[in-house]
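Read the structure below first, then the notes.
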Amino acid sequence: MSLQRNDQELRRLEELEELERLGINVFPYSFNKTISNKEIQTNFRDEDPSPFANVSVAGRIMTIRTMGKATFCDIRDESDKIQIYFKQNDLPDFYDKLKLLDIGDIIGVEGFVFRTRMGEITVHAKKVEILCKSLRVLPTPKEEIDEEGNKIVYDAFADVEQRYRKRYLDLIVNHHIRDTFKKRAKIITEMRHYFDSRGWLEVETPILQPLYGGATARPFITHHNALDIDLYLRIADELYLKRLIVGGFEGVYEISKNFRNEGMDRMHNPEFTSMEIYVAYKDYNWMMDMTEDLLITIAKKVNGTEILEYDGKEIKLEKPFRRAKMYDLLLEYTGMNLRNLSRDELYSAAKKLNVEIDEKAGAMKILDEIFSVKVQPNLIQPTFMIDYPVEMSPLAKKHRTEDGIVERFELFIAGFEVANAFSELNDPRDQRQRLEEQALLRAGGDEEAMVVDEDFLYALEVGMPPTAGLGIGIDRLVMLLTGEKSIRDVLFFPQMRPEKSKT
RNA sequence: GAUCCCGUAGCUCAGGGGUAGAGCAUCUGACUUUUAAUCAGAGGGCCGUAGGUUCAAUUCCUACCGGGAUCACCA
């Protein structure tokens, strides 16, 4: 921890000490803020300023303009900016202390609201309190509105690394980014509301798991000292939620973090938020209807429209979403029928399609690769891809009429996966066989294959009703509804490589 | 892991083999309705680190360090 301070920071420390010498508590305990900046900005009327004859505002100083015996500054609170007018005659005790204030300090101001000659709604200060002295220099972007009303930003705080590492600075300086996070909160609230109003129960299941399951991914491993056992941070909560359906709940859902020890890019963060829901007596057809309705409801509540714009493309969330079988989509975009092909036939098909494949890849891996290169980028409008090969989906129920296929869908929007769902496998014999096949893959070196969870199998043997399950990647849904291109822009604190001390 | 790009003042960036540049921020002075305030002045830099080429390197070369993007990995 370096305590080296630059000249500007040293000067701020000196100012702080000077204020303390003058008997001012630079870090007081509270302030009676009576109104938000936004309320003033939206409700002030020149005809009748009386409701604002005595307001107390507070916020962080963003700019200071001193003109001798008068000073203007802009302060920002959570809601908006407002200008403060300090006049020497009106602040005999405080005015000379203004020079000890800096951009970044937090102040509280009592005064009356008026409009300046330049038309700016402003608080004329009668009393000023310092609420916090800032010892670090803020990045200092400047904004200007040109004649066409366009906002021009100078010296933007735009370095993505610094923005992610020091998100608090990003939030202060790039005030608008908070809109994304407000929207994120609203999306989750609306989702909860949708589920709760249908009587489904929000639950919490273990994050520390003795066995990990419910998805194919490498886990994070940790250690419990008292029990002296390794535990895994969950990669999914699926198997626990199904145990609750076995226990007699008919609708359970959980919104929480999963952890996957894999690569990071604009669609992946090692910890991410997912929602999983299980509803008894339903199948994947019902779940598709519900998913459509859920997403359209949320989009309308959050954006006021079911039309999205993402990456320059207009996307309509309109019932019904397209439903297409996996092999039909593959045929559509590759011109090849890939069903019932052997591993080697799939491999040569991939070669023909110029899809690069690892020599050792198995049949499902090849199929997945062809899909993600040739099909997925084209699925811009909402598309349920349905009916996957059984080998790809160890927890999904076999298709009621088609051999070798399971009842599963994934929802693609804007070319990325938003949701994944099955008619849940509830035949314990079939489930055991599939998990044992996974265990074989695992023994063969596939680190992502699932492990056999005997207690889960026990629960299935006790009996789980027919059930439909759905998982939605919340981060990706937020990206879709906010237009953000990187998962890092919808997470306050995305995972970053640790900062190493520079040589 | 591969490829490409970046590293110069507190911030955003320009420059270029010969004393290091701008705007903002900071400091001093002027200014009692300014708003990218303005005006006059000032301070602030191991030009990421190390080595090489050179009379001379912040600049060219190499390596390293730090970071980013794309790809690979990863539903």
Side-chain angles (χ1 to χ4, degrees), chain A residues 4-12 14-15 62-74 81-91 95 99 102-104 114-122 124 135-146 151-165 169 173 215-218 235-236 258 260-270 272 274 356-358 361 364-365 367-369 371-372 376 385 388 392-393 408 410-412 416-420 447-448 471 473 476 485-486 488 496-503:
Chain A
Q4 282 197 334
R5 294 189 180 276
N6 64 40
D7 57 334
Q8 294 191 38
E9 291 165 346
L10 287 171
R11 193 189 47 72
R12 283 172 180 237
E14 283 162 17
E15 285 171 349
M62 301 308 288
T63 63
I64 303 176
R65 296 177 291 281
T66 305
M67 315 178 48
K69 298 185 179 64
T71 296
F72 291 87
C73 81
D74 295 329
K81 274 204 297 203
I82 195 144
Q83 178 168 266
I84 310 292
Y85 175 52
F86 305 93
K87 194 172 164 185
Q88 188 177 46
N89 299 1
D90 292 342
L91 296 163
Y95 196 83
K99 64 177 189 296
D102 290 294
I103 290 171
F114 73 111
R115 189 185 292 273
T116 66
R117 239 187 286 174
M118 303 300 286
E120 178 106 7
I121 294 169
T122 300
H124 186 128
L135 295 180
R136 294 282 186 179
V137 183
L138 287 181
T140 52
K142 295 280 177 176
E143 287 176 7
E144 186 187 29
I145 313 287
D146 69 11
K151 191 188 275 186
I152 304 171
V153 180
Y154 301 87
D155 297 344
F157 179 57
D159 181 320
V160 286
E161 185 204 344
Q162 288 308 315
R163 287 186 46 224
Y164 297 146
R165 284 195 197 281
L169 290 181
V173 166
T216 52
R218 279 184 284 174
I235 57 172
N258 289 339
R260 297 188 184 175
N261 206 339
E262 290 165 352
M264 296 155 55
D265 59 31
R266 81 154 58 92
M267 301 302 288
H268 298 87
N269 194 65
F272 62 99
S274 78
E356 248 179 82
I357 300 286
D358 184 356
M364 289 308 114
K365 179 80 199 148
L367 206 56
D368 198 27
E369 198 56 38
F371 169 77
S372 55
Q376 189 172 334
M385 182 163 84
Y388 289 61
M392 269 181 157
S393 315
R408 171 181 181 185
E410 288 184 306
L411 173 60
F412 292 90
F416 58 85
E417 180 197 342
V418 174
N420 181 22
E447 287 182 78
E448 284 144 25
R476 291 180 183 181
K485 304 294 180 301
S486 168
R488 289 178 160 191
M496 302 289 286
R497 194 182 299 274
E499 239 175 336
K500 293 181 185 162
S501 58
K502 291 178 183 177
T503 47

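We name chains A, B, ... by the order of the sequence lines, and we start the count at 1 in each one.
Taking atom C1' on both nucleotides, A63(B) is separated from A25(B) by 37 Å, rounded to a whole Å. Comparing the same atom, C1', in A75(B) and in C4(B) gives a spacing of 28 Å after rounding to whole Å. Taking atom P on both A9(B) and U49(B), the two are 11 Å apart, rounded to the nearest angstrom. Atom P of G21(B) sits at a distance of 14 Å from the matching atom of G44(B), rounded to the whole Å. For the C1' atoms, the distance linking U32(B) with G67(B) amounts to 49 Å, nearest Å. Spacing of C1' atoms, C24(B) relative to U62(B), comes out at 37 Å, to the nearest Å.
Among the atoms of the strands shown, only primed sugar atoms or phosphate atoms (P, OP1, OP2) are found under 4.0 Å from some heavy atom of Thr216(A). Gln8(A) comes within contact range of at least one nucleobase, with a heavy-atom separation under 4.0 Å. Using a 4.0 Å heavy-atom cutoff across all strands shown, Asp74(A) reaches no nucleic acid atom at all. In this structure, Met392(A) reaches the bases: a heavy-atom distance under 4.0 Å links it to at least one base atom across the strands shown. Looking at heavy-atom distances under 4.0 Å, Gln376(A) makes no contact with the nucleic acid at all.
Under 4.0 angstrom from either OP1 or OP2 of C73(B) there lies no side-chain N or O belonging to Lys365(A). Here Arg11(A) reaches the OP1 or OP2 of C27(B): one of its side-chain N or O atoms lies under 4.0 Å away. OP1 or OP2 of A37(B) lies within a sub-4.0 Å distance of a side-chain N or O belonging to Arg65(A).
Considering only side-chain atoms of Thr122(A), the nucleotide from C74(B), A25(B), U34(B) that sits closest is U34(B). Taking only side-chain atoms of Asp7(A), from C-beta outward, the nucleotide of C74(B), G43(B), A75(B) with the closest atom is G43(B). When each of C73(B), U35(B), U33(B) is scored by its nearest atom to the side-chain atoms of Glu369(A), the top-ranked nucleotide is C73(B). In the set A37(B), A75(B), U32(B), A37(B) carries the atom at the smallest distance from any side-chain atom of Thr63(A).
Remark: U53(B) base-pairs with no nucleotide in the shown strands. Criterion, Watson-Crick or G-U wobble with two distances under 3.5 Å. For G16(B), there is no paired nucleotide, since no Watson-Crick or G-U wobble pair has both relevant distances below 3.5 Å. Summarising the base pairing, C4(B) is matched to G68(B) through a Watson-Crick or G-U wobble pair whose two defining distances lie under 3.5 Å. With a cut-off of 3.5 Å on both Watson-Crick or G-U wobble distances, the partner of C24(B) is given as G10(B). For G45(B), there is no paired base (Watson-Crick or G-U wobble, both distances below 3.5 Å).
Between the side chain of Gln83(A) and the base of U34(B), a donor-acceptor pair under 3.5 Å is found. No hydrogens or angles were tested; on distance alone, a donor-acceptor pair under 3.5 Å links the side chain of Thr116(A) to the base of U34(B). Residue side chain Glu120(A) reaches the base of U35(B) through a donor-acceptor N/O pair under 3.5 Å, judged by distance alone. Contact annotation: side chain of Asn89(A) to base of U32(B), donor-acceptor pair present below 3.5 Å. Between the side chain of Asn261(A) and the base of C74(B), no donor-acceptor pair of N or O atoms lies under 3.5 Å. Remark: the Arg117(A) side chain and the U33(B) base include no donor-acceptor N/O pair separated by less than 3.5 Å.
Checking side-chain atoms of Arg12(A) against main-chain N and O of Arg136(A) turns up a donor-acceptor pair under 3.5 Å. Under the 3.5 Å distance criterion, the side-chain polar atoms of Arg260(A) are matched with a main-chain donor or acceptor of Ile235(A).
Closest non-hydrogen pair, Met267(A) versus Phe416(A), comes out as CE-CG, 3.3 Å.
Atom CZ of Arg488(A) and atom CG of Asp265(A) lie 9.5 Å apart (nearest 0.5 Å).
Heavy-atom nearest nucleotides on RNA chain B were determined for Leu138(A) and for Arg266(A), and the one closer to the 5' end corresponds to Leu138(A). For Asn420(A) and Arg488(A), each mapped to the nucleotide of RNA chain B holding its nearest heavy atom, the one lying further toward the 5' end belongs to Arg488(A).
Among Tyr85(A), Phe86(A), Phe72(A), the single residue meeting the ring-ring contact (aromatic ring centres under 6.0 Å, His included) criterion with His124(A) is Tyr85(A).
Using a 4.5 Å cut-off on side-chain heavy atoms (C-beta onward), Met385(A) and Phe371(A) make contact.
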